[in-house]
Amino acid sequence: MRVLLTGSAGFIGSAVAAELRSHGHEVVEFDAYLPSAHGDSSGVRRDVRDGYALDEALKGVDVVCHQAAVVGAGVDALDAPAFASHNDFGTAVLLAAMARAGCTRLVLASSMVVYGEGRYRGADEVTRSIADLRAGRFDPLSDAGEPLSWEVVPEDAPLRPRSFYAASKLAQEHFALAWTRTTGGSVVALRYHNVYGPNMPRDTPYSGVAAMFRSSLERGEPPRVFEDGQQMRDFVEVSDVARANRLAVESSVSGFEAVNVCSGRPVSILEVASALSSAVGGPQPVVTGEFRPGDVRHIVASPAKARDVLGFEAGVAPRDGLAGFATAPLRATTGHTRPTV
Ligand code: UD1
């Protein structure tokens with residue numbers, strides 16, 4: 001198949017490009033080389049907000065794999081326009097260009113952040129108060145004040161974004177869903193959990209925790225684990241994420257389907273830090289009790305639908321993948337970290 005791959009120069013996009021090519025697909029690369037992510041690196045800059053560039057690139061394309069996005073949780077409210085512009089306006093321009101080109105299939109990079117706080121036994125919606133966090137009560141509490149236990153999050157869980165980034169990812173899904181209704185096209189939205197692996201960008205305020213821990217260890221410092229370290233996540237290796245994309249590109253899904261892309265083997269943040277420290281013989285992690293007000297406590301996915309809809313099962317267990325990641329190359333980042341509109 002001929003695949004237009006947006007965000008092809010990024011951490012995940014470049015892994016998707018390699019996976020598609022190794023399975024005989026033709027890849028049309030498309031990337032804006034945003035300075036916030038790529039510094040001054042010189043690629044051919046093509047932006048998804050440019051309908052003319054898309055009209056050219058979409059010629060003869062069977063399916064679009066849309067990875068281009070401004071990522072990270074966002075540092076402050078000044079980041080909101082960049083998320084809305086690149087992620088939401090960009091997706092809207094792309095969907096219109098696909099309609100012009102008669103291209104009816106989209107694979108969309110989404111995120112587990114659309115679920116917000118995740119799911120807890122016996123509670124519908126939870127929030128964590130700053131007072132509780134300050135007092136070291138990190139787990140969400142029941143009405144009776146007891147800590148709630150987490151449950152796996154299926155794709156039909158309520159969608160409650162908590163950050164500008166999360167809001168922009170959910171809006172992308174909504175635009176894509178509306179597009180399937182209007183055009184009869186199909187969309188697979190891949191809700192990535194915590195992606196890690198070779199060539200992950202080095203630490204910036206926009207990086208995920210695995211890159212932060214790696215960067216601390218490279219400086220000879222212990223990873224700093226926030227809260228009590230017992231917060232649960234699902235870490236999925238980038239080669240598995242690339243394979244999930246390839247399976248979605250090759251699938252014959254109709255309408256709109258959202259699927260979790262995860263390893264199915266949850267780990268605590270302290271376990272992640274310890275695995276990375278041990279793999280390089282570095283200092284053991286320090287549990288600091290600090291907290292970030294926007295963080296969610298536990299977010300653990302169900303891998304069942306990805307298996308049913310795409311035949312996807314992760315091949316890399318976090319224990320093996322994190323040991324490999326501990327010494328894998330990271331991509332250099334530059335001083336200009338705030339994404340511009
Ligand atoms: C992360 C991404 C999110 C992405 C999602 C899925 C960021 C900021 N968040 O969400 O955009 O969609 O993965 O791939 O990029 N922590 C520490 N020490 C640190 C930094 C963080 O202990 O130095 C803790 C945090 O408090 C949190 C956990 O690690 O409990 C995970 O943090 P992080 O990776 O930043 O955010 P996620 O919520 O998992």
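Order of listing sets the numbers, starting from 1, for every ligand and every atom in it. Numbers for residues simply follow the sequence, beginning at 1. Predicted, not measured: the structure shown is a model, and the values here were computed from it.
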Any atoms of ligand 1 less than 4.0 Å from a non-hydrogen atom of [X]? List them with their elements.
X	value
S111	12 (O)
V225	22 (O)
V195	14 (O)
G208	15 (O), 34 (O)

Proximal candidate to [atom] [heavy atom criterion; set [options]]:
atom	options	answer
atom 32 (O) of ligand 1	R162, R191, R292, Q230	R292
atom 16 (N) of ligand 1	D234, V113, V209	V209
atom 27 (C) of ligand 1	H193, M232, R233, R224	R233

Looking at F83 versus Y165, is the centre-to-centre ring distance below 6.0 Å?
yes
Looking only at heavy atoms, is any part of N194 under 4.0 Å from ligand 1, and if so is it the side chain, the backbone, or both, or is it neither?
both
Note: F291, heavy atoms under 4.0 Å from ligand 1, region reported as neither
Is a salt bridge present between R46 and E29, judged by a nitrogen-to-oxygen distance below 4.0 Å?
no
When Ile, Leu, Val, Met, Phe, Trp and Tyr are grouped by side-chain heavy atoms lying under 4.5 Å apart, directly or through other members, which residues fall in the same group as V93?
L4, V28, F30, V48, L54, L58, V61, V64, F89, L94, L95, M98, L106, L108, F175, L177, W179, V187, F256
NZ or CZ of R160 within 45° of Y115 ring axis and under 6.0 Å
no
Looking at ligand 1, would I269 count as a contact under a 4.0 Å heavy-atom criterion?
yes
Taking CG in D308 as the centre, count heavy atoms belonging to other residues, nucleotides or ligands within less than 6.0 Å. Is the count above 12?
yes
Around atom CZ of R219, are there more than 12 heavy atoms of other residues, nucleotides or ligands at under 6.0 Å?
yes
Taking side chain to side chain donor-acceptor pair (under 3.5 Å) as the criterion, tell me which of N245, N260, D234 meets it with Y192.
N245
